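See below for the structure under consideration.
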Amino acid sequence: MSAGTETANHRCRGALRAAGFVPCEGPALHTLPDGRVVDSAWYRHEAAGTARCAGVPAAAVSRV
């Protein structure tokens, strides 16, 4: 799996590293849906096996 984020988004980059993602090569620039072009950092994660999310119980989901 791969993920990209804005280079200046240090919180997202930290969260990706904490989740086991490692830096990898990718495009230096990324165009957002609003047309803005940002510097980008790319990460990849390679799991040895696959896993499934157990899901969230309906009672734990808040409706705002």
Side-chain angles (χ1 to χ4, degrees):
M1 174 183 297
S2 62
T5 184
E6 202 168 338
T7 304
N9 190 338
H10 299 288
R11 289 182 188 253
C12 183
R13 294 175 76 176
L16 288 168
R17 286 190 300 272
F21 283 78
V22 294
C24 68
E25 295 294 321
L29 299 174
H30 179 73
T31 304
L32 299 171
D34 66 2
R36 191 169 53 109
V37 178
V38 296
D39 292 327
S40 59
W42 295 93
Y43 293 82
R44 66 176 169 76
H45 189 285
E46 294 179 7
T50 58
R52 289 186 175 265
C53 178
V56 177
V61 177
S62 64
R63 305 275 196 273
V64 179

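No experiment lies behind these values; they were computed from the predicted model shown.
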> Where is the tightest heavy-atom contact between Thr5 and Arg13, given as atom of each residue plus distance?
Replying inline: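 Result for this residue pair: CG2-CG, 3.4 Å.
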> Arg44: what forms a salt bridge (charged side-chain N to carboxylate O under 4.0 Å, His left out) with it, not counting sequence neighbours?
Replying inline: Glu46
Cut-off 3.5 Å, no hydrogens considered: what does the side-chain donor-acceptor table look like for residues 15-34, sequence neighbours left out?
residue : atom : partner : partner atom : Å
Arg17   : NH1  : Tyr43   : OH           : 3.3
Asp34   : OD1  : Arg36   : N            : 2.9

